[in-house]
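Data block below; observations after.
Values below: all heavy atoms of this structure, side chains included; hydrogens, waters and symmetry mates excluded. Numbering of ligands and ligand atoms starts at 1, following listing order.
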Amino acid sequence: MTLHLDDLRVRHLGECRHDSPLSALLAAKRTSPHYVAEGDRVLLEDTVSMLAEHGLPPEDLPSFEAAGPRRRIYFDPALVTAGIVTCGGLCPGLNDVIRGLVQELTVQYDVKRVVGFRNGLRGLTARHRDDTIELTPDRVRDIHNAGGTILGSSRGAQDAEEMVDSLLLRGINVLFVIGGDGGMNAATNLAAAIRARGLDIAVIGVPKTIDNDLPYTDQSFGFQSAFAQAANFISSVSIEAAASPDGIGIVKLMGRHSGFIACYASLARNAADIVLIPEVPFALEGEDGLLARVERHVRSKGFVVIVVAEGAGQDLLAERGLLEGATDASGNAKLGDIGALLRETITAHLTAAGLVPTVRYIDPSYAIRSVTANAYDSVYCLRLAHAAVHAAMAGRTETAVVRWRRRFVHVPMPLIISHRNQVDPDGDLWMSVLEATGQLGQQRPLLVER
Ligand SMILES: Nc1ncnc2c1ncn2[C@@H]1O[C@H](COP(=O)(O)OP(=O)(O)O)[C@@H](O)[C@H]1O
Ligand SMILES: O=P(O)(O)OC[C@H]1O[C@](O)(COP(=O)(O)O)[C@@H](O)[C@@H]1O
Ligand SMILES: [Mg+2]
């Protein structure tokens with residue numbers, strides 16, 4: 001998708017007429033390698049060839065508005081009531097983001113009231129809108145010490161108009177939606193409904209995804225904590241597999257459509273022989289199929305370790321009638337168990353080949369996303385929260401805050417849901433996986449035409 005400068009402009013509610021409480025801090029600031037001034041922009045692309053292709057002067061190249069505090073702001077903090085909601089699946093760092101938002105709003109901007117909606121967007125429906133949590137600095141002081149979200153989260157559809165009514169009834173001027181593709185879709189619809197009614201309410205998104213499947217963000221918050229935990233399971237399974245004759249270790253990791261967790265966790269331990277992700281189809285049968293490769297590994301090395309993303313090989317399950325074709329409350333496809341299919345087909349294949357396999361299959365599932373954010377993610381979450389508050393107070397709306405090429409920037413929300421971030425089979429991450437696993441050293445990478 002070719003993007004132009006105009007596609008990257010974010011919406012403003014109006015002119016910034018109030019002095020920011022942070023303006024003194026900004027007085028002498030200029031763009032430097034470590035700071036982007038509020039009038040400057042951050043380039044979308046970062047190679048000479050991609051930039052040259054546009055044939056445009058620098059100021060016309062596609063670029064993002066820099067995040068960060070402004071000298072002048074749109075909202076009078078004394079009149080602001082902020083709302084926060086967390087939606088979709090859990091992700092390490094949700095509490096860190098909530099804590100950062102509340103602290104920045106109340107301590108720096110002196111916003112008097114922050115309301116937490118409970119259990120996801122369900123909390124904005126007529127039935128649940130009065131069941132909120134008052135978020136004060138005291139209430140959030142220690143919440144980053146635990147995983148999950150103190151607000152609760154949920155899946156399931158809500159009516160945008162009903163949610164706007166809730167914002168009006170609760171006197172919300174700025175709403176922070178911490179959510180994934182679903183949550184950002186819902187927030188975009190909500191912002192459109194607010195705009196259609198001509199209301200003065202800012203909607204700011206903080207993209208959340210354990211799968212790292214949202215575009216225009218270097219890596220989503222919590223992702224590092226999650227794949228670090230996933231890597232521990234790979235270690236366990238490889239120790240088990242190595243200690244068993246004809247040992248087969250299989251770890252299935254979250255990753256509905258994107259195999260980032262499988263790739264990064266595998267690289268972190270460098271113990272996997274085969275990595276399977278949704279983006280790279282594979283065959284079971286045939287000389288270059290998975291079963292033959294597994295057999296070769298077992299015969300040469302004595303054991304094999306396979307890391308599989310849960311969304312990989314869904315076509316193989318469908319062929320065998322093992323997919324229900326059902327969806328969850330938010331419309332996400334329910335997946336079949338690729339780990340179980342691998343366990344069964346590998347066991348049958350090796351047994352028929354005269355081996356006596358010992359299979360160790362671990363599906364850590366929620367255990368990787370319920371962890372507390374590590375120190376790196378905590379810092380990341382806090383800085384995203386600061387950026388989100390600055391964006392809201394400066395009257396940005398339908399805008400997500402992300403880190404892009406190490407800078408914090410504003411992205412129009414519709415762009416965040418325009419497509420899915422996936423591992424590029426022609427990109428350098430997958431290349432690293434092929435190099436690290438030795439999948440390259442075989443006759444061909446495990447990328448099988450089917
Ligand atoms: N396409 C969509 N349009 C509007 N709302 C959506 C859409 N997809 C999901 N939602 C809503 O957003 C919320 C979170 O979505 P979900 O897919 O469960 O998690 P996530 O935000 O993590 O992707 C749910 O309440 C869901 O109903
Ligand atoms: O059982 P649940 O809560 O639906 O979650 C399972 C799914 O949630 C995910 O963690 C992604 O969820 P989100 O889109 O909500 O971030 C997937 O990796 C996984 O398939
Ligand atoms: Mg999602």
Identity and separation of the nearest protein heavy atom to atom 6 (C) of ligand 1 = Gly182 O, 3.5 Å
min-distance protein heavy atom vs atom 14 (C) of ligand 1 -> Gly183 N, 3.6 Å
Backbone N/O of Gly259 and side chain of Glu279: donor-acceptor pair under 3.5 Å | yes
Under-4.0 Å heavy-atom contact with ligand 1, by part of Asp328 that carries it | neither
For atom 19 (O) of ligand 1, grab the closest protein heavy atom and report residue, atom and distance to one decimal in Å.
-> Gly88 CA, 3.1 Å
Within a distance under 4.0 Å of any heavy atom of Ala157, pick out the atoms of ligand 1 and give their elements.
-> 27 (O)
What protein heavy atom is closest to atom 17 (O) of ligand 1, reported as residue, atom name and distance in Å?
-> Asn332 ND2, 3.1 Å
Charged N-O contact under 4.0 Å between Asp273 and Arg293 | no
Of all the heavy-atom pairs spanning Glu310 and Met254, show the shortest one and how long it is.
-> OE2-CA, 3.5 Å
Which is closest to atom 22 (O) of ligand 1 by heavy-atom distance: Arg256, Gln158, Arg155, Lys208?
-> Lys208
Short check: any N/O/S atom of Asp181 below 2.8 Å from the Mg ion (ligand 3)?
-> yes
Atom 18 (O) of ligand 2: which protein heavy atom is closest, and how many Å away?
-> Asp211 OD1, 2.7 Å
Identity of the nearest option to atom 20 (O) of ligand 2, non-hydrogen atoms only, from Arg256, Met254, Glu310 | Glu310
Numbering as shown, the atoms of ligand 2 that approach Gly255 to under 4.0 Å (heavy-atom distance) | 18 (O)
Between Asp131 and Arg129, does at least one N-O distance fall below 4.0 Å, as a salt bridge requires?
-> no
What are the two closest heavy atoms between Phe75 and Leu13, and how far apart are they?
-> CZ-CD1, 3.6 Å
Which atoms of ligand 2 have any heavy atom of Gly89 under 4.0 Å away?
-> 13 (P), 15 (O)
Does Leu121, backbone or side chain, put an N or O under 3.5 Å from an N or O of ligand 1?
-> no
Taking only heavy atoms of Lys208, which atoms of ligand 2 are found under 4.0 Å from at least one of them?
-> 13 (P), 15 (O), 16 (O)
for atom 23 (O) of ligand 1, nearest protein heavy atom and its distance come out as Asp181 OD1, 2.5 Å
Closest non-hydrogen protein atom to atom 1 (N) of ligand 1, residue and atom name please, with distance?
-> Asn185 CG, 3.5 Å
Which protein heavy atom lies closest to atom 18 (O) of ligand 1, and at what distance to 0.1 Å?
-> Ser330 OG, 2.6 Å
Ala329-ligand 1 polar pair, N/O distance under 3.5 Å = no
Among all protein heavy atoms, pick out the one at the shortest distance from atom 1 (O) of ligand 2; state its residue, atom name and that distance to 0.1 Å.
-> Tyr366 OH, 2.4 Å
Evaluate whether atom CD of Glu344 has more than 12 neighbouring non-hydrogen atoms of other residues, nucleotides or ligands under 6.0 angstrom away.
-> yes
Thr209 N/O to ligand 2 N/O under 3.5 Å | no
Taking atom CG of Asp142 as the centre, does the number of heavy atoms from other residues, nucleotides or ligands within less than 6.0 Å exceed 12?
-> yes
Is any NZ, NE, NH1 or NH2 atom of the basic residue among Arg11 and Glu398 found under 4.0 Å from an Asp or Glu carboxylate oxygen of the other?
-> yes
Pick whichever of Gly156, Gly331, Cys87, Ala186 has a heavy atom sitting closest to atom 24 (C) of ligand 1.
-> Gly156
Compute both the distance and the angle, then confirm whether Arg383 meets the cation-pi test with Phe408: under 6.0 Å from the six-membered ring centre, within 45 degrees of the axis.
-> no
Quick one: nearest non-hydrogen protein atom to atom 2 (P) of ligand 2, plus distance?
-> Arg155 NH2, 3.5 Å
Pair Asp211, Ser258: side-chain N/O donor-acceptor within cut-off below 3.5 Å = no
Taking N or O atoms only and a 3.5 Å limit, does Gly88 qualify as a polar contact for ligand 2?
-> no
Flag the pair Arg9 and Asp6 as a salt bridge only when some basic side-chain nitrogen lies within less than 4.0 angstrom of an acidic carboxylate oxygen.
-> yes
How far does CG of Leu415 sit from CZ of Phe64, to the nearest 0.5 angstrom?
-> 6.5 Å
For atom 4 (C) of ligand 1, the closest protein heavy atom turns out to be Asn189 ND2, 3.4 Å
Distance-only donor-acceptor check, side chains Ser20 and Arg70, under 3.5 Å | no
For atom 3 (O) of ligand 2, the closest protein heavy atom turns out to be Arg369 NH2, 2.9 Å
Once you round to the nearest 0.5 Å, how far does CG of Leu94 lie from NZ of Lys208?
-> 7.0 Å
